[in-house]
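As a basis for the values below, the full set of heavy atoms in this structure was taken, side chains included, without hydrogen atoms, waters or symmetry mates. From a predicted model like this one, the values you see are computed outputs, not experimental measurements.
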Amino acid sequence: MSTEQQIRELNAIALDPANSIVIQACAGSGKTWLLVSRIVRLLLAGVRPSEILAITFTRKAAQEMQARLHEWLHLLATAGDDEVRRFMRDRAVAQEHIDDLIPRARSLFEEFLVDQPGITINTFHGWFLQLLTRAPLAAGATIDTNLVERTFPLIGNAWESFAEALQHNPDSPVAHGLNWLFESHGLENTRKLLTNFLAKRAEWWAHTSARDEPVASVLQEMRSEMPTAPDEDVVATLLGNSKFDSKILEYADLLERNETDADASFAAKLRAACEETTVEASFDQICSVIFRRDGKPRTRKANSKTKTRLGADGQQRLLDLHADICDEMAEVCAKRVEQLVYRLNEAALLCGTELLDRYQTIKRERGLIDYTDVEWRTWALLTTGDYAEYMQYRLDARYRHILLDEFQDTNPLQWQILRTWLEVSADVQSQPHVFLVGDPKQSIYRFRRAEPRLFDLARGYLKQRYGAQELEQNVTRRNAPAIVSVLNTLFSRLSEGFPKHVAYRMELPGAVRILPLIGADAVAQKQSQRWRNPLDSPRPEVIDRRRAREANELAKRILRMVGCVRINDGEELRPLRFEDIFLLVRRRTHLDIYERALRHAQIPYMSSRQGGLLDTLEAADLMALLQFLVVPFADIHLVAALRSPVFSVSDADLLSASRAEGSSWWQRLNKLVLESRASAPLLRAHKLLGRWMRLIDVMPVHDLLDRIYFDADVMRRYESAVPTAMQAGVTANLHAFMEVALSTDSGRYPSLQGFLHELENMRRAAAEEAPDVGVIAEGSNAVRILTVHGAKGLEAPVVWLLDANNASARTDSYDVLVDWPPEAAAPTHFSLFGRKDERGKRRGPLFEQEMMLAAREDINLLYVAMTRAQQVFIASGSETIDRGESWYAKLSYALDTSVDASNLPQASEAETVTSPASPLVQDGSRFESLRKPLNVGMRTGDLVDPRRRQGILVHALMEKCVPPADTSDRDFLRQTLGVSDSEFDSLWKAARRIIDEPSLAHFFDASQYLRAFKELPYVSADGELRRIDRVVEFDKEVWVLDYKTGDPARVDDLATAARPYLGQLESYRAAISELFPEKRVRSALIFADGLLYEAT
Amino acid sequence: MSEARAATITVAPGAALALVAHDLLADFAETAPDLTGAVVVLPNLHAAGELAHALARQAGRALMLPKVTTLGVWAAERPLPCKRLPEVAREAALFVALRSRKWFEGADLWPLTAELARLFDELTQYGVALPETVGEFERALESAYQARAGETMQLEARLVYELWQASAKPLDGALDAVACYQLQLAAIAREASRPLYAVGLPELPPTELAFFEAYARRSTVKIYQIAGDASGATTAARFFASVWPPAEAENDVLRARAAQFAGSSPSSPVEQTLRFYAAPSMEHEARAVDAQVRVWLNEGRNKIAVVALDRLVVRRARALLERANVMIDDETGWIFSTTSASTVVMRWLDAVTGDFYYNDLLDLLKSPFVFVGLEGRREGVYALERVIRSDSIVAGLAAYRSALQDDQSQGVTLALEMLERVGRAARILNRDRRRRLHEWLSLLFGSLAALDVNDGLRSDPAGLQLMELLHQLARDLAGSDEMFSFAEWRRWLDRQLELAEFRDSSVSSPVIFTQLSLTRLREFDAVLLTGCDASHLPGADSGKVFFNQSVRAQLGLPTRHRQLAQISEDLAGLLTRSSRALVTWQKLRNGEPNLPSPLFERLGVFHQLAWNASLEERELDQLLPYAQLAPCEQFPLPGSTASPAPVMTSEQLPLRISASGYNSLVACPYQFYARHILGLREPDEVREETEKRDYGEYVHRALRRFHVRFPVCTSVDREELEANLQQISDEVFRRATQGSFLGHAWALRWRATIPAYLDWQIEREEQGWRFLAAESKRAIVVLADGASLHLEGRLDRIDERKADAVRTLSVMDYKMRASADLRKSLREPGEDVQLPVYAALLGEETREAFFLALDGQQVQEVALDSGAFDEIGKAIDRLAQIYAQMRRGAPLPAQGIEAVCQRCEMAGLCRKPYWR
Ligand code: SF4
């Protein structure tokens, strides 16, 4: 069967809405395509969007899936009939149905956009949150709880609160436990251990959820499995045993008789051991005879000399005794280690649970939940009483189709939740169809508790309960055949049952290159001269020169490839660009070496490192600048800001400033400026800094930062100061920093000081919680440096795996050991461990299992790395001390057996242009006017002027308590104005002074006029809307009155007070004249105290 | 007249006001130009101007206008026949009712309280009567959920039912806001005399509809309802009606509608007016907004609305516009909690509850609103901050005070006075029992007055409104008697500041930031809709805790569909009335794809199907690079960054250098320059916990004291020695252990080393060495040009040994590091000159120099090997040579190796990461 045909058949089964499916699909096989196609097929089949739940592993993947779905539905709505037919055919819609389905296909998009509630495409966490916000009240009120992504500061607070509680209670068991940990393991390790415990809280809860006294019962269990009681003095038992004692003596005798120097001294030690005052000391002595330094028993073999000296029986006796004593001693040692393990667990669980308690309390008090809480609460929600069933009713959506992507990344708790959900759905008679995609080969998230073994389990479960069909898809659309062939050789050897991959695009040229390992320097490393003169000769770097050479090689080759090699871009062939290259590393540890080489070669690059924004120099510059603004005596911050491209002050200028008078640098700068001795850059800095200092009180952080960027032309100055290779990255970071300011500062209770404190917290947090470096702008032509984890889900024409010979050999210490077999509802084992040599034998198999899983994951990482490459995969590395089989070793093994040297097409001379065409071909002059300030808008009043306020209020009051429709309900009036009793009194008085003024009585007494209007709105003929405070109509005349109660006025000088308003008053008068053509219209201003000024 | 009904008139969007104007003029032809006999009800008062315009245009003359109002404003003018229960007082009562039921222990009940209040309001508004008994209500819910009843559902039913019952009984005759509103409306209807015109109101709840009906019984009522398909609608209006038809109606599929529309209208009605811009990032979106607004201003448009769906983008755009001196008339307001005026209040509460944690206290004192009357208060704050940093004080007024006591520097008196007043204010805010909410508020006012905050706030627009808000709340709460703990009150206050908004009404500008719902009936020259992605438009359902959509529908409450219909109606109206509109969103957010609003997706597809044309904005991208405002001051741009190498004159070089200075000079001359010539050092930071360097300090101190007490140990009983050293150490470490329980870790760490240290000490004495002193030494190095350079070192410890009347000396430096580390660093003595310099300083009798590694249970000497020891003279010679060179003008290059740079604080100065 042809590949094409195979795929078609697979799609026909997988996309059929009637089937439940479990499909294992290799990298590059188009999992997203399949999943989204299935959704389209469901919609075509009449499934409502709200009946679909699709879950994937990252938010980005979910967003991409959404985007793809929209794109396709859009296409179905707008494309020509033929294209729509083809689309359906590609998605295995039966030929005979296609034409009937066209109208439906066309209408899907709008239906999809309009339907309420809509489709759910989310991560597990996102979906759980959705469930929680709809959780019944009985499950605990969760309204207004906010999800925290940055838990680092909270964990810090938990530690503080934990320590504080112990401070008040220094004799509690917890305090003793903590002190024991401190004494035996030190602060750092204790912290690490307990913090790791906190990280595994979900497992702890799951492990102990059914127990009343979690800690006690776990310890009890541990004790029951131990060979000895935790506090038994096993050494004393052994040494107190007379049989052992006599063995030692006999052994010593034999050693003495053997007459070698070593044995003589051993014998002496053993005899001394018997004299020691404490059993511990004796034991140590015996140990030093029996064991080598590394803790292994000394070997003793039969030899002819001994045989001569002791006789055959004597020798045999010596050997037997030796073995015997070794065994007994080893057993005691092992027991002692188990006892240590127990003590560690006892102390750490006591402290850990207490710390956890604090952490949970802190979050509860602040109305926060973290990701683990989300999972745990959802689990609790669905497994308590009738909640799960209730949830099915309570959600507005009823899922009939559940699609799961990247299932290998699921963790056991998530699986438990999912299974519960499925089972309850079955109970309420709405068993959904399930479509599950995954690839255990790509499982690389053990550190996030992913459990790849769940895949098989889920497959079995779905097969049995849902009659799910099992499929496998190993055709890759991404990788060139050259890569696939190496992939097959390599992984067939590395993992059992590896299914051979097939390249879909057979014509795609490709290559795999393993560069020779960089060896030690040919010339022995130059030792620095013993008393070198630092002014003349820099100290040679002792860093790995090999990596530096690897990096140079990298830069050289990139320059050679870019512009020369041609790659396939869709259908087209085009010269390779920088942006087509991914550099992958396992860890970021040595990245600076590679970055330096790229910089040197002027190769633009972007390290997409998680977190890390605040560690960049540009962010540091801005933080220094802001720090200086709040702490003006922080000299080093000021000087760093001066040296940064914001000001680019030279060292010569700094030197001159350093000699000026003043106790701080800022004062010195002031002095220089005052005495007109400042250079131009210093003068500029002084002016701008002074300006910004005045702004910190009146501007929010973001606005201040914007002013700084603008005033100092920050963007352009950085662009000009940094190496070309870094420009794109630095610009992106400057924007990202602005965004941090914007989002942090639009948070609550902003202040510059608070912002800087917050940044400091972020900087110290783990990478996942610190602000990320900026996203490099689309279309910037730069090499991307990624970790393998970071590259998951991405692909590039050229992938280069760096430092590939560096086998990972990280051993964990001070962490939690959990065994959660995929089929179990909860972990079957939970304990903590400390140093490597204090793990104990009992848990040996579990540690081995962990190691196995880690090794498996290491292979998966290599698989992920390689499958990122579309056409070219390169690996390089340098010789290292052998620490297990490296990726490089594995790769070179595979290449030996399947050499591939197919060459990539080369670009023609004409095409070898490396720089992209400049995007700015336009002439900018016609936008010149946009570069100038506009001066638009104005302030019409002073919000904080108390007189203005008084005026407005009196005005409002008058309006209410003069006829027509007047009221004098004081309480009502006071409430309407929203003022206090006392303020109301004074307003009331002020208003009454006017209303009760005898000379004004005819304006306010309804019996004296024909009609009165208050707040009379009128519109002039040219459409202008105005309001006149009061218009009073008499027989012959009409009065237009305007209250100016907020203005001070003196009886003797009303004219002056009135002057500013006369123009406006006249326009009122004119308007009213128009409205009352046959009457005389007069106008007047009424000031406080009832003073009237008539305009004439 | 009594059977008369309100007349409903449908009118096309954009035509409503003209029609009303027309009808008004016709109805009041007799009294014209006096239209004051009519009442016009609008959805918002902003539209009043437009109405006036329409009237003037049609009348062609000046007019006295009708009363123009909104239902809310109108009702509020009515005095009440009963007492009104202020919203906050009602929530306080509800809260306590919830609290007493103990259903949700430990949870913050305020949000739930607010949700309940909202639900009850809706029930009132929609005239929903709950059944007679809770059992019936349960059954009603059961059938609405189509579910089996269970305990879980019972709780929901009971909670709503019981509290509804409780709150339905008015508190001493006072009614809540919604009930009052209804009474007020009823009163208006009872006295209705003027003809009423209601225009473009959103869909009304039954109680408001009832008002119009009641009003109609006494006077005419005309209700103008906007509908895109009303007769006389413009093509654009019909276009939007066809794009977003009402969901209830049976509609043709989009494709058919588009085809049909294109059939009747061969060209697109919006192609010239409406554009979509999908920005690749937030910055781009904000820049697009900024540029577009300025382009429009340049074109002479003078009423531009920016609909702020994405607050962040709008804030960013606002800053960009302000660069060009474009002021903004902001109708959206700022939530109080985002103003710095409320920061000062909250920071004050933080400071009080957190025992004046240094950062809260400094933040408070640096607020522009505190101690405004205090002359030179900044100096005071800086003085305080200096002391806090240098003494590393984490919290506690007393601790700050005592640290300031022996400080003489400028500003200390002020700092002390501030602390004094802060203390006084704290005493006012006594937190130890439950109080009424308004009592808490008045304590707050009292404490703020003591901080002199009131005056500060009154001089700030947001601050002034904040104070007014808080006082208003206090007045509203005056009658409420419920008692609350400080923490409960604090959360309450938080919520109040979260809910209320500060508005700056004093700006008048052609550029208006507003909300979609405020644009009803208004006309603009141009409209910019920002943040039009799926998450903002229509946006998530504002989480309703109670029930679900089908239950709400069954109960007769409005559902999500209603909300959505309102939004598309508002959008259609706004776009119909605007002659230019730009719709923006981010197509990428944090590098992840971000979907546009489904409303505009529909529109885009419709448009494409009808006229095969896209509405994508293309000019803007080309314009953006040029649209940025030129900086006001031109200054030459810096050149590319190179590794610096400053040159010193001989008088700039200090003639004094310490061993560590020398080390720095060797490691990186530029670092030496920054530290010792510019005199910069890392500012002191408050260390909230004991750190490694404190540990070193403590051990040094303990050993110094110990050896003063026991210069010779061999003569003393070992146990006594141990007890003494332990006791001295306990004292020395007290600061650490008292500061935090974690400090015990350090004390215990040292305790573990003590026996090994004593072993070592005794052994050393057995070799004849005696403790001599710890002291500072200096030597003078004469330079080639005759100048003398002072070389200094602080020697941790000097031992002496006398044998045959010959005295020899030994110098050592305690290190809290592993011996292997130290051994490595001594392999290159030229790079770490500490020991050679010490040995040289100590003079000719010196026979050995070593680090004493104090690490865990091991104490080890790591000595300068004999080869290096013989070369100590070279260390001095080299220094002399370097100095001579520098004095002659040799540059000081920046050239640390990576390991040095990693720990160097001067990277901001040398700018290494930017070198090519
Ligand atoms: S960072 Fe490195 S190069 Fe720069 S001053 Fe410090 S040590 Fe020298």
Side-chain angles (χ1 to χ4, degrees), chain A residues 60 63 67 106-107 110 113 136 138 141 143-144 163 166-167 182-183 187 386 390 393 396 530-531 534-535 538 541 617 634 636 640 643 648 651 658 697 706 710 713 720-721 723 735 748-749 751 753 775 778 924 927 930-931 933-937 940-941 943 969 972 1017 1019-1020 1023 1025 1074, chain B residues 49 52-53 56 62 64-65 79 104 107 111-112 145 147 150 152 155 253-255 280 283 319 323-327 337 343 346 363 368 461 506 508-509 545 549 591-593 598 626-627 630-631 637-638 646 666 678 680 683 740-742 745 748 830 874 878 890 895 897 908-909 913-914 916:
Chain A
K60 185 169 180 197
Q63 292 289 87
R106 297 244 179 253
S107 68
E110 183 169 42
L113 291 175
I143 351 169
D144 245 37
L166 294 184
Q167 193 77 313
F182 284 160
E183 239 174 322
L187 178 60
D386 61 351
Y390 187 62
Y393 300 125
D396 289 312
R530 198 150 165 144
W531 298 96
L535 299 181
E541 277 289 353
L617 186 56
I636 194 172
R643 287 282 294 147
S648 327
D651 282 302
S658 74
D697 277 354
D706 184 72
F710 177 58
D713 205 5
S720 154
H735 283 311
R748 303 148 77 229
Y749 309 117
S751 72
Q753 172 105 6
V775 180
E778 245 180 323
F927 306 120
L930 284 177
R931 303 184 47 80
L934 281 168
N935 307 319
V936 159
T940 54
L943 282 178
D969 180 340
F972 169 73
V1019 61
S1020 61
L1025 174 66
E1074 241 183 279
Chain B
H53 243 299
M64 283 161 77
L65 295 175
F104 312 107
L112 189 57
Y145 274 127
T152 316
L155 180 76
V253 295
L254 183 84
R255 207 176 163 78
E283 183 69 17
R323 286 181 177 185
N325 290 336
V326 174
M327 291 176 85
S337 65
T343 305
M346 280 309 175
D363 198 353
S506 69
S508 127
S509 167
V545 187
Q549 294 295 328
E592 295 166 14
Y626 306 100
L637 292 176
V666 175
L678 298 184
L680 298 171
S740 160
F741 193 83
L742 304 187
L748 289 168
K874 289 199 181 166
R878 174 174 68 168
Q895 56 184 21
I897 60 167
L909 270 70
Y914 286 174
R916 243 208 48 209

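One distance of note links CD of A:Gln63 with CD of B:Glu592; it measures 6.0 Å at 0.5 Å rounding. Remark: A:Glu183 CD to B:Leu748 CG distance equals 5.0 Å, nearest 0.5 Å. To the nearest 0.5 angstrom, A:Ile636 atom CD1 is 10.0 Å from B:Leu678 atom CG. Put simply, CD on B:Gln895 and CG on A:Leu535 are 8.0 Å apart, with the number rounded to the nearest 0.5 Å.
Interface remark: of the candidates A:Pro1017, A:Gly937, A:Ala640, A:Pro1017 forms the most heavy-atom pairs closer than 4.5 Å to chain B. Between chain A and the options B:Ala52, B:Ser509, B:Ala319, B:Pro593, the largest number of non-hydrogen pairs under 4.5 Å is found for B:Pro593. When each of A:Ser658, A:Ala163, A:Ser648, A:Ser107 is scored by its heavy-atom pairs under 4.5 Å with chain B, the top score falls to A:Ala163. Interface check for chain B: of the options A:Asp713, A:Leu166, A:Leu1025, the most heavy-atom pairs under 4.5 Å are formed by A:Leu166. Per-residue counts of heavy-atom pairs under 4.5 Å with chain A were compared for B:Ser506, B:Pro683, B:Pro368, B:Ala56; the largest is that of B:Ser506. Considering only heavy-atom pairs separated by less than 4.5 Å from chain A, the leading option among B:Leu637, B:Val666, B:Thr343 is B:Thr343.
Heavy-atom neighbours of B:His53 NE2 from other residues, nucleotides or ligands within 6.0 Å: at or below the threshold of 12.
In plain terms, the two heavy atoms of A:Asp969 and B:Pro79 that are nearest each other are OD2-CB, 4.4 Å. Minimum interatomic distance between A:Pro933 and B:Asn325 (heavy atoms only, all atoms of both residues): CB-ND2, 4.2 Å. Among all heavy-atom pairs drawn from B:Lys874 and A:Trp531, the shortest one is CD-CD1, 3.7 Å. Of all heavy-atom pairs between A:Phe182 and B:Leu742, the closest is CZ-CD2, 3.9 Å. The two residues A:Leu187 and B:Ala745 come nearest to each other via the heavy atoms CB-CB, 3.6 Å. Between B:Ser508 and A:Thr940, the shortest heavy-atom contact is CB-CG2, 3.8 Å.
Contacts of B:Arg323 with chain A are made by both backbone and side-chain atoms, with heavy-atom separations under 4.5 Å. For chain A, the nearby part of B:Leu680 is the side chain; its heavy atoms alone come within less than 4.5 Å. For chain A, the nearby parts of B:Met64 are the backbone and the side chain; heavy atoms of each come within less than 4.5 Å. Proximity to chain A (any heavy atom under 4.5 Å) is restricted, for B:Ala890, to the side chain, taken from C-beta onward.
Side chain of A:Asp396 to backbone of B:Gln549: a donor-acceptor contact under 3.5 angstrom is found.
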